[in-house]
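Take a look at the structure set out below.
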Amino acid sequence: MAKLIGIDLGTTNSCVAFLENGRATVIPSAEGGRTTPSVVAFTKDGERIVGQAAKRQAVTNAQRTFSSVKREMGSDKIYTVDGKKFRPQELSAMILQKLRSDAEAYIGEKVTDAVITVPAYFTDAQRQATKDAGTIAGLNVLRIINEPTAAALAYGFDKMVSRKIMVFDLGGGTFDVSILEIGSDMIEVLATAGNNHLGGDDFDQCVVGYLLDAFRREHGMDLSKDAVAMQRLNEAAEKAKIELSTSRETTVNLPFLAMKGASPMHLEVSLTRARFDELTAHLVSATRGPVQQAMDDAGLQPKDIDRVLLVGGSTRIPAVQDAVRKMMDREPSRDINPDECVAMGACLQGGVLTGTVNSLLLIDVTPLSLGIETVGDVFAQIIPRNTPLPCHHSQVFTTAAHFQTSVEINVLQGERGSASGNKSLGKFRLEGIRRALRGIPQIEVTFSIDTNGIVQVSAKDLGTGRSQEITISGSGNMSREEIDRAMREAEIYAEQDRQNREAAEKHSRSWGKRDAGAAKEEAGKFSEDDDGAMDV
Ligand code: AMP
């Protein structure tokens with residue numbers, strides 16, 4: 001039977017795990033790491049490299065190296081290399097493909113099925129894009145699950161004693177906080193909140209700003225437009241940040257960072273943890289709002305929480321740990337590996353879905369409210385945030401004008417009262433409504449969210465029975481044809497990767513020493529009616 005893998009597709013690093021004798025086991029990458037940098041690069045001769053090898057060459061090939069692609073998932077961003085255009089999901093698919101081929105090489109069996117994780121706070125378009133990335137990589141995506149839920153599953157799997165936990169997950173690009181209740185045969189998410197644009201990358205950027213200022217002060221030069229220097233600064237900033245998690249002071253030393261005329265310019269500057277904490281205090285504070293919101297939504301006080309789990313690499317920052325300690329009035333637990341627990345939880349969930357591990361009910365929630373636009377820029381909420389999944393809600397609306405025969409349904413996601421303050425997930429029209437005075441037609445709008453958190457909306461004129469239905473796909477999402485094309489291309493690459501790997505292995509055999517893995521990895525408007533219905 002083909003094997004199933006759990007994948008944590010991270011902003012900075014990704015991790016893959018599989019079930020070995022009923023236990024989640026992390027699969028090392030071909031290069032020997034327990035996680036794989038989420039970096040994709042294209043060499044000048046058109047070769048594609050992913051992971052550690054791509055990260056290593058980022059400085060010398062900055063323009064053709066792409067990282068933090070997860071931040072753009074679901075957006076309409078296009079990455080261009082040599083005239084060829086890639087969507088974020090296509091680049092993410094390359095990372096998934098690498099994880100898959102490493103897993104196949106490690107397990108020695110074909111891998112087809114996967115559970116992939118996303119931040120709990122990912123919107124519909126971002127989830128859809130992640131699922132598409134899996135499909136492009138040739139994976140049958142059994143389920144998309146939320147990262148904090150996966151972490152809780154990994155944590156609570158063998159200790160199903162009833163307790164309430166908070167998962168505080170600050171990764172490379174996203175922040176999620178979830179409150180979960182673990183029971184003897186069930187994990188239920190009580191509330192989730194977060195910020196899709198808050199993570200370790202932002203901390204790095206604060207340090208980059210500090211380094212740029214230091215260089216400007218010393219040499220009177222602005223390096224912010226110099227791609228190669230910026231790449232080096234980004235790397236040095238991340239390294240300094242990581243060092244400051246364990247030391248009180250670090251030195252950033254970047255010789256030959258730029259040229260002034262014929263003279264090379266160097267950067268040598270020290271950074272204390274206290275200064276780093278000042279530079280990043282606003283980012284640490286930004287975690288407070290979502291924590292409060294999740295606690296309020298769950299109707300709990302800090303004393304009701306039995307354990308606070310820290311997940312995501314950025315929770316190693318001492319100031320972040322301090323903030324959690326203060327907010328929750330307790331010592332947070334670090335008894336799960338923050339880099340690995342999400343992938344492990346994903347594969348356990350895969351095991352539950354395929355019946356290979358004990359049945360366990362996982363109840364997740366929708367992170368953001370969903371509804372439609374009605375007359376006067378009003379957001380009519382149909383599914384409130386934190387509703388357990390899957391769910392199915394309907395509401396009846398009516399027309400706003402006499403003899404109106406069509407309505408536009410603008411599907412919105414967010415927490416603002418005004419339609420324009422929320423994110424539009426897509427629009428569709430319901431035509432052929434029976435001609436009648438305003439307020440007479442009855443249009444039933446139904447929202448369904450599946451267990452992956454993917455939204456489907458339908459509208460039905462109860463008078464004529466005419467209906468229209470869409471699976472939401474934002475502007476950044478790909479059509480079925482585009483996905484099929486990308487899958488074909490990915491298969492071609494996979495074949496090339498396999499050949500490269502074989503060639504590398506042969507090479508390593510003939511040269512005796514070189515390790516095969518290290519050799520190469522290429523491998524209508526509505527308004528509210530008196531009776532609660534809405535006018536179109
Ligand atoms: P994740 O998405 O969970 O892999 O988290 C990656 C983020 O964690 C990146 O921004 C890393 O720079 C950051 N990170 C990893 N280790 C540390 C550390 N020891 N101290 C501070 N940040 C870290």
Side-chain angles (χ1 to χ4, degrees), residues 6-17 26 29 33-39 51-52 55 58 67-73 92 95 99 116-122 126 130 146-152 154-155 167-178 194-208 231 233-250 252 271-273 276-277 279-280 283-284 286-287 309-324 332 334 336-346:
I7 299 177
D8 170 9
L9 179 61
T11 310
T12 322
N13 296 300
S14 295
C15 185
V16 53
V26 169
S29 69
R34 293 185 63 84
T35 58
T36 294
S38 307
V39 184
Q52 194 56 49
K55 185 172 179 179
S67 53
S68 295
V69 173
K70 183 173 175 177
R71 283 187 167 231
E72 300 297 340
M73 289 293 265
S92 290
I95 300 165
L99 298 172
I116 306 179
T117 62
V118 293
Y121 222 56
F122 250 24
Q126 291 169 308
T130 306
N146 292 337
E147 286 160 13
T149 315
Y155 167 77
V167 178
F168 182 102
D169 180 358
L170 188 62
T174 54
F175 171 56
D176 271 349
V177 50
S178 296
N195 181 342
N196 276 339
H197 292 275
L198 177 66
D201 289 356
D202 302 295
F203 287 76
D204 298 348
Q205 287 319 302
C206 293
V207 179
V208 169
Q231 185 68 38
L233 285 168
N234 279 324
E235 281 188 5
E238 187 187 9
K239 192 160 160 274
K241 171 189 77 176
I242 290 176
E243 273 168 20
L244 289 173
S245 290
T246 45
S247 328
R248 298 220 159 253
E249 187 164 5
T250 184
V252 176
L271 179 60
T272 61
R273 190 190 290 171
F276 172 77
D277 288 348
L279 293 169
T280 56
L283 300 173
V284 176
T287 61
L309 296 184
L310 297 182
V311 178
S314 303
T315 56
R316 293 201 171 96
I317 297 174
V320 171
Q321 295 183 4
D322 276 349
V324 178
R334 302 232 39 153
I336 50 173
N337 183 325
D339 303 321
E340 299 180 358
C341 61
V342 171
M344 290 167 73

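Indexing begins at 1, ligand by ligand and atom by atom, following the structure's order. Everything quoted here is computed from the prediction, not taken from an experiment. Heavy atoms only: backbone and side chains are in, while hydrogens, waters and symmetry mates are out.
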To check your reading of the model: name the closest protein heavy atom to [atom], its residue, and the distance in Å.
atom	result
atom 9 (C) of ligand 1	Thr12 OG1, 3.6 Å
atom 20 (N) of ligand 1	Ser245 OG, 2.6 Å
atom 23 (C) of ligand 1	Gly313 O, 3.3 Å
atom 2 (O) of ligand 1	Gly172 N, 3.1 Å

Per-atom contacts, ligand 1 versus [X] - under 4.0 Å to a heavy atom:
X	value
Gly312	3 (O)
Glu238	9 (C), 11 (C), 12 (O)
Gly200	10 (O)

- Does Phe175 have its ring centroid less than 6.0 Å away from the ring centroid of Phe168? yes
- Query: Shortest non-hydrogen contact from Asn13 to Pro37?
  - Reply: OD1-CA, 3.5 Å
- Query: Taking all atoms of both residues into account, what is the closest heavy-atom pair of Leu271 and Phe276, and its distance?
  - Reply: CD1-N, 4.1 Å
- Message: If you take the nearest heavy atom of each of Arg316, Lys239, Lys241, which one is closest to atom 22 (N) of ligand 1?
- Response: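 Checking each option, the heavy atom nearest atom 22 (N) of ligand 1 is found in Lys241.
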- Are the side chain of Gln321 and the backbone of Thr315 linked by a donor-acceptor contact shorter than 3.5 Å?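 Checking the backbone N and O of Thr315 against the side chain of Gln321, a donor-acceptor pair under 3.5 Å is found.
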- Check whether any side-chain N or O of Asp176 sits under 3.5 Å from a backbone N or O of Tyr121 as a donor-acceptor pair, and report yes or no. yes
- Task: With heavy atoms under 4.0 Å as the rule, classify the contact between Ser314 and ligand 1 as side chain, backbone, both or neither.
- Result: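 The part of Ser314 near ligand 1 is both the backbone and the side chain.
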- Task: Take Ser68 and Thr11 through the side-chain hydrogen bond (donor to acceptor under 3.5 Å, both in side chains) test and state the conclusion after the steps.
- Result: CA-CA 5 Å; Ser68 295; Thr11 310; over 6 Å; no
- Taking 4.0 angstrom as the limit, do Arg273 and Glu249 come out as a salt bridge?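 Answer for the salt bridge query: no.
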- Gly171 near ligand 1, heavy-atom distance under 4.0 Å?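 A heavy atom of Gly171 does come that close to ligand 1.
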- Assess Asp339 for proximity to ligand 1: is some non-hydrogen atom of it under 4.0 Å away? no
- To the nearest 0.5 angstrom, please state how far the CG atom of Asp201 sits from the SG atom of Cys206.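 Between atom CG of Asp201 and atom SG of Cys206 there are 11.0 Å.
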